[in-house]
> 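First the structure, then my questions, so here it is.
Here is the naming used below: chain letters follow the sequence lines, and residue numbers restart at 1 for every chain.
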Protein chains: 2
Amino acid sequence: MTTLTTPGGGPLYLQVRKLLTQRISGGAWPPGHLIPSELRLARELGVSQGTVRKAVDDLVGNNVLVRQQGKGTFVAVHDTRRALFHFFPMVGDDGQRVLPNSRVLSCRRLPAKQSEARALDLPAGARVIRIERTRDLNNRPTIVESIVLPAASFPELGKSRSERLPNTLYELYEERYGITIHRAEEQLRAVAASAKVAKLLGIEPGAPLLEITRLARTLDGTPVELRISRCLTRAHHYQSNFV
Amino acid sequence: MTTLTTPGGGPLYLQVRKLLTQRISGGAWPPGHLIPSELRLARELGVSQGTVRKAVDDLVGNNVLVRQQGKGTFVAVHDTRRALFHFFPMVGDDGQRVLPNSRVLSCRRLPAKQSEARALDLPAGARVIRIERTRDLNNRPTIVESIVLPAASFPELGKSRSERLPNTLYELYEERYGITIHRAEEQLRAVAASAKVAKLLGIEPGAPLLEITRLARTLDGTPVELRISRCLTRAHHYQSNFV
DNA sequence: GAGTGGTCTAGACCACGCT
DNA sequence: GCGTGGTCTAGACCACTCT
């Protein structure tokens, strides 16, 4: 039994939200899991249904939980559609979202560069996995990506040379390693294509590319992926909406 | 007295939210206005305080209203800090937000191009105001902007040649024309600097620039500003966070 | 029909700002 | 001390899903 202090630890609903968050990020309730009903939780925790509801509302707003009327409340899952919708902001100039196809160029385990260790909050020289790949949009090579992961969190990944990696890595992280990407910070810049990248994209060196540096984190804020994407924006663009 | 139908027009709190939205976007409650207390509204509309609260919660979540405990609930204002925080995603590479300084190059009233008319939802050939300016970040010219507005909505703007325009146009729109920008859609691309833009930024033609095409809308969705910004991203970047 | 989330009510007490 | 929003409760009825 978990104790909720009456006024001590701040508002009750925040304590409830914290408890739910812990059960989710701790793995007790994996993605897709049906959590107890609001009434059950309320009775279990000795609070009213309204208080549980407010906590759940919050987590639904943060895409951590999903409600389904008549069925119950579930831990959010990164299915392909959702992952694309949420974490792939490249859109065709006609407004169409397109499914990218990936080709992995290399996948190695090696020591982290200093900047990578800093970004991923790892000790200097810790081992990382570095994946290089290109992604096609509408059957044309459009993105060159470099992805860096802490090796310790992804035990088998990249050890076998013949390993096939799926298009949407976030599903892989979730299904095989129990790591759910929950939020990300991106920095965007315009850069000139290097000779190597230009060759991969079939363009002239020096051509302008959109460079996206993304740091992805789990629900509890741990950084788990550093990704640098260089994107050709001749027929596609990065879409960003805000209020 | 406004009538709220009991089950006819959907959930009560949505009807309340719609009503509040109308009073705000209709100008009855301008930015900064203290709206009636939840209890007053509840009595006025014949619903419970909880229902009003839920409607207000929604609008607070959308940055339309701002609550202040002990004082009341206010219509959100575009002060300089908020405008910057919300609508200016360029950040120094050290993470610092910097206040941009603007220099207006030209400000003319002329017929809309076809693409502009389409984006702004205007009849073909309608008159627009076109503002060209540069913006400095850390005292270095960094952004070249072209801003297009429907001339009919901004009666005096750009008619006097000596007019001074403030750094944050959205404050001007709000204070002088009662037009509050509420949300925006942005498309980002990497482009090569034209000769003209390169000269303004003091860089070589062909250098990569981040091009941001923004369409800004009011609360009710009317498009009111089309803005194309070309940004030097050598010491700054576009920051985008998402969950 | 039983169980779930979705909406709505009425009322309580607390924390805060003002005067 | 009064009015405001902030939290919390207890209970009602509805809409939906499943069996």
> Can you see if the side chain of S48(A) gets near the phosphate of dC8(D) - specifically, an N or O under 4.0 Å from OP1 or OP2?
no

> From CZ of R40(B) over to C1' of dG3(D), roughly how many Å is that when rounded to an integer?
9 Å

> Can you sort out the partners of Y170(B) under ring-ring contact (aromatic ring centres under 6.0 Å, His included), two or more places apart, ordered by chain and number?
F87(B), Y173(B)

> Ignoring backbone atoms, test whether R67(B) places a side-chain nitrogen or oxygen under 4.0 Å from the OP1 or OP2 oxygen of dT4(D).
no

> If only atom types and distance count, is the side chain of E225(A) paired as donor or acceptor with the main-chain N or O of I147(A) below 3.5 Å?
no

> When you compare the side chain of N101(B) with that of R103(B), does any pair of heavy atoms fall below 4.5 Å?
no

> Roughly, in whole Å, what's the span from CG in L41(A) to C1' in dG3(C)?
14 Å

> Treating T222(A) as the side-chain partner and D220(A) as the backbone partner, does any N or O pair qualify as donor plus acceptor under 3.5 Å?
no

> By a strict heavy-atom criterion of less than 4.0 Å, which residues belonging to residues 28-38 of chain B are in contact with DNA chain D?
S37(B), E38(B)

> Counting only heavy atoms not in R176(B), do more than 12 fall under 6.0 Å of its CZ?
yes

> Under the ring-ring contact (aromatic ring centres under 6.0 Å, His included) test, which residues partner Y177(A), sequence neighbours left out?
F154(A)

> For residues 89-96 of chain A, which side-chain donor-acceptor pairs fall under 3.5 Å, sequence neighbours excluded?
from, atom 1, to, atom 2, distance (Å)
D93(A), OD1, H237(A), ND1, 2.7
D93(A), OD1, R189(B), NH2, 3.0
D94(A), OD1, Q96(A), N, 3.0

> Tell me, yes or no, whether the heavy-atom count around R40(A) atom CZ, taken from other residues, nucleotides or ligands under 6.0 Å, exceeds 12.
no

> OH of Y13(A) versus C1' of dG5(D): gap in Å, rounded?
12 Å

> Just the rounded figure in Å: distance from C1' of dT4(C) to CZ of F74(A).
10 Å

> Given atom CG of L45(B) and atom P of dT9(C), what is their separation to the nearest angstrom?
11 Å

> Distance check needed: dG3(C) C1' versus L39(A) CG, whole Å only.
10 Å

> Would the distance check show the side chain of H78(A) and the main-chain N or O of I181(A) forming a donor-acceptor pair, the cut-off being under 3.5 Å?
yes

> Any protein N or O atoms within reach of nucleotides 16-19 of chain C? Criterion: under 3.5 Å, listing atom names and distances.
from, atom 1, to, atom 2, distance (Å)
dC16(C), O4', Q69(B), OE1, 2.8

> May I ask you to test the F88(B)-T168(B) pair for a side-chain heavy-atom distance under 4.5 Å?
no

> Please report, rounded to the nearest Å, how far the P atom of dT7(D) is from the CG atom of L12(A).
11 Å

> Just by modelled atom types, is the N167(A) backbone N or O under 3.5 Å from a matching donor or acceptor in the R135(A) side chain?
yes

> Among residues 49-64 of chain A, which contact DNA chain D at a heavy-atom distance under 4.0 Å?
T51(A), K54(A)

